[in-house]
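Each remark here refers to the structure printed beneath this line.
Worth saying up front: this structure is predicted, and the values here are computed from it rather than measured. Each chain gets a letter, A, B and so on, in the order its sequence line appears, and its residues count up from 1. FYI, side chains are in, hydrogens and waters are out, and symmetry mates aren't considered; it's all heavy atoms of this structure.
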There are 2 protein chains.
Amino acid sequence: MPKSETFNRNEVLQNAALIFHKKGYNGTSMQDLVDATSLNRSSIYNSFGSKLTMFLKVLSYYQTNLDHNFSKELVKSYNAKESIETIFNLHVEEIINDDDRKGCMIVNCKSEMANQEPSIKSFTEKNQDKMIASLEDIVSKGQMEKIFNQDQTAYQYALYLFSSIQGLRMTGILNKNEEDLQHLVSTILKVLY
Amino acid sequence: MPKSETFNRNEVLQNAALIFHKKGYNGTSMQDLVDATSLNRSSIYNSFGSKLTMFLKVLSYYQTNLDHNFSKELVKSYNAKESIETIFNLHVEEIINDDDRKGCMIVNCKSEMANQEPSIKSFTEKNQDKMIASLEDIVSKGQMEKIFNQDQTAYQYALYLFSSIQGLRMTGILNKNEEDLQHLVSTILKVLY
DNA sequence: TTAAATTTGAAACGTTCATTTCATTTAAAA
DNA sequence: TTTTAAATGAAATGAACGTTTCAAATTTAA
């Protein structure tokens with residue numbers, strides 16, 4: 001009976017993510033989204049609600065993609081040390097391939113609106129909790145295998161690593177010198193060994 | 001002959017800084033600035049040019065204030081270790097006193113617009129260069145005094161510390177647990193000793 | 001083939017945006 | 001006291017904002 005969606009939802013989210021990532025939430029207009037997605041205004045509102053709810057869907061899509069890419073690499077690592085190094089190397093790779101110097105979309109939106117918009121605060125909190133939990137998991141394993149020291153608890157190291165990743169992403173906005181970034185990563189990780 | 005400014009320029013910049021800091025550049029409207037400064041629209045345009053030039057003046061004011069506060073504390077420190085610890089402790093203090101969870105204004109505006117607005121890119125680049133240079137200076141002294149190790153160059157450690165400060169500020173937006181933050185700082189600094 | 005429901009397109013909604021205009025007020029130098 | 005130019009206030013500018021409306025087109029199941 002009803003006509004069904006003709007556009008590819010993921011493709012639309014992908015294109016919306018590009019423009020949101022580049023310009024930020026407040027810097028992106030509905031017209032930008034119309035242009036970026038090649039969708040009609042009404043279709044956007046019909047299918048995604050409002051600008052804010054669309055942004056939240058874009059964020060989820062962005063994070064799911066990120067998680068997927070990381071998991072794909074992480075299964076290849078043989079121990080905790082390799083896992084952590086893989087995570088940081090992927091971030092360095094993202095920085096270097098980020099021609100627009102946009103930084104991390106999740107870091108950016110936390111900076112832009114976590115203190116203003118409860119739904120974004122909640123999203124970034126969940127993101128933080130998940131990231132710290134999975135880092136803690138890896139650190140724990142590394143400590144049990146005696147690859148990492150026990151000077152701090154796994155949680156404390158996880159918070160440190162989470163914080164360092166955000167710092168790395170912020171630093172990478174202006175500095176894309178690969179040697180600098182790799183030294184930076186090795187300095188960050190040294191405390192674990 | 002002419003009437004002179006009746007408002008206190010620094011007071012206006014201070015009030016403008018509060019609202020820009022809270023809402024970000026794109027999130028702050030001219031009406032917000034009129035309300036926050038109690039100045040007339042025309043007076044703002046007469047005295048500060050445009051929204052963007054006003055923002056740049058606010059940023060300079062914000063940074064000058066920050067520099068001043070840090071210098072005031074830094075002169076009290078007896079060696080490089082104390083200097084670095086003072087810097088990080090002041091950041092932790094700022095985070096804990098930041099009831100609105102706004103984060104650092106300079107980190108925020110880099111995230112929001114460094115990739116879009118050349119004047120902001122240039123401002124944040126200069127800020128980054130200055131911060132790294134002064135950190136490098138302190139690390140150098142610490143290395144000469146054999147308080148800090150020489151595993152990495154002073155510049156590499158300075159970049160690491162700069163990056164860590166940004167991570168700390170981003171982490172502090174959602175996490176204001178003082179114990180967590182102090183553990184975080186001590187983990188960050190451990191690599192130097 | 002018909003009926004149903006949703007997508008789509010284009011236009012319009014009222015609001016807010018940054019900025020400008022201009023007449024009035026003000027205060028300092030002549 | 002007069003002159004002068006900037007500060008001020010209030011209103012208006014046109015453009016852009018997010019969102020809604022609604023008729024037309026479309027496609028699927030009955």
Side-chain angles (χ1 to χ4, degrees), chain A residues 1-59 105 108-109 112-113 116-120 123, chain B residues 1-59 61 108-109 112-113 116-120 123:
Chain A
M1 324 125 125
K3 186 179 173 184
S4 46
E5 270 183 9
T6 60
F7 58 84
N8 178 315
R9 226 183 158 79
N10 279 349
E11 204 176 286
V12 166
L13 286 172
Q14 170 66 30
N15 289 326
L18 286 176
I19 192 73
F20 270 133
H21 194 171
K22 185 170 182 177
K23 298 190 165 196
Y25 179 76
N26 286 310
T28 301
S29 71
M30 221 53 205
Q31 187 57 48
D32 287 333
L33 291 169
V34 168
D35 295 342
T37 61
S38 303
L39 242 56
N40 189 273
R41 290 176 118 68
S42 342
S43 303
I44 295 181
Y45 279 94
N46 276 338
S47 306
F48 300 98
S50 65
K51 186 186 171 188
L52 181 61
T53 57
M54 178 167 210
F55 185 59
L56 288 164
K57 281 165 187 161
V58 164
L59 279 177
M105 191 175 179
N108 290 353
C109 85
E112 183 179 10
M113 15 175 14
Q116 298 275 94
E117 177 51 50
S119 57
I120 298 294
F123 177 90
Chain B
M1 322 130 123
K3 186 180 173 185
S4 47
E5 271 183 10
T6 60
F7 58 83
N8 178 315
R9 224 181 160 80
N10 279 349
E11 206 174 287
V12 166
L13 286 173
Q14 169 65 31
N15 288 326
L18 286 176
I19 192 74
F20 270 132
H21 195 171
K22 185 171 183 177
K23 298 189 164 196
Y25 178 76
N26 285 310
T28 300
S29 70
M30 221 52 205
Q31 187 58 50
D32 288 332
L33 291 170
V34 168
D35 295 342
T37 61
S38 303
L39 242 54
N40 189 273
R41 289 177 119 68
S42 340
S43 303
I44 295 181
Y45 279 94
N46 277 337
S47 306
F48 299 97
S50 66
K51 185 186 171 188
L52 181 61
T53 58
M54 178 167 209
F55 185 58
L56 287 164
K57 282 166 188 161
V58 164
L59 278 177
Y61 170 84
N108 290 353
C109 85
E112 184 179 10
M113 15 172 17
Q116 297 277 94
E117 177 51 50
S119 56
I120 298 294
F123 178 89

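In the set D:dG18, C:dG9, D:dA11, D:dG18 carries the atom at the smallest distance from any side-chain atom of A:K51. Among the nucleotides D:dT8, C:dT20, D:dT19, the one closest to the side chain of A:R41 is D:dT19. Of the candidates D:dA10, D:dT19, C:dT20, the closest approach to any side-chain atom of A:S50 belongs to D:dT19. Of the candidates D:dT8, C:dT8, D:dT20, the closest approach to any side-chain atom of B:S42 belongs to D:dT8. Taking every side-chain heavy atom of B:S29 into account, C:dA18 is the closest of C:dT21, C:dA10, C:dA18. For A:M30, whose side chain is taken as the heavy atoms from C-beta onward, the closest listed nucleotide among D:dT19, C:dT7, D:dG9 is D:dT19.
Of the possible donor and acceptor atoms, none in the side chain of B:Q116 sits under 3.5 Å from a partner among the backbone N and O of A:K23. A donor-acceptor pair under 3.5 Å is absent between the side-chain atoms of A:N46 and the main chain of A:S43, judged by distance alone.
Atom NZ of B:K23 is separated from atom P of C:dA18 by 11 Å (rounded to the nearest Å). The distance between atom CD1 of A:I44 and atom P of D:dG18, rounded to the nearest whole Å, is 11 Å. Here D:dT26 presents its C1' atom at 15 Å from CZ of A:F7, a figure rounded to the nearest Å. Residue A:F48 contributes atom CZ, which lies 17 Å from atom C1' of D:dG18 at whole-angstrom precision. One atom, CD1 of B:I19, and another, P of C:dA18, lie 12 Å apart when rounded to the nearest Å. When the C1' atom of C:dT6 is taken as reference, atom OH of A:Y45 falls 19 Å away, rounded to whole Å. Rounded to whole Å, the distance from CG on A:L39 to C1' on C:dG9 is 12 Å. The distance between atom CG of A:N26 and atom P of D:dA16, rounded to the nearest whole Å, is 18 Å.
Inter-residue side-chain proximity for B:T37 and B:I19 is flagged as unmet; no heavy-atom pair is nearer than 4.5 Å.
For the residue pair A:D35 / A:Q31, a side-chain donor-acceptor distance below 3.5 Å is found, with atom types taken as modelled.
The 5' end of DNA chain D is approached more closely, in terms of each residue's nearest nucleotide, by A:D32 than by the other of A:N40 and A:D32.
The side chain to side chain contact (heavy atoms under 4.5 Å, CB included) test with A:F55 is passed by exactly one of A:F20, A:F123, A:F48: A:F20.
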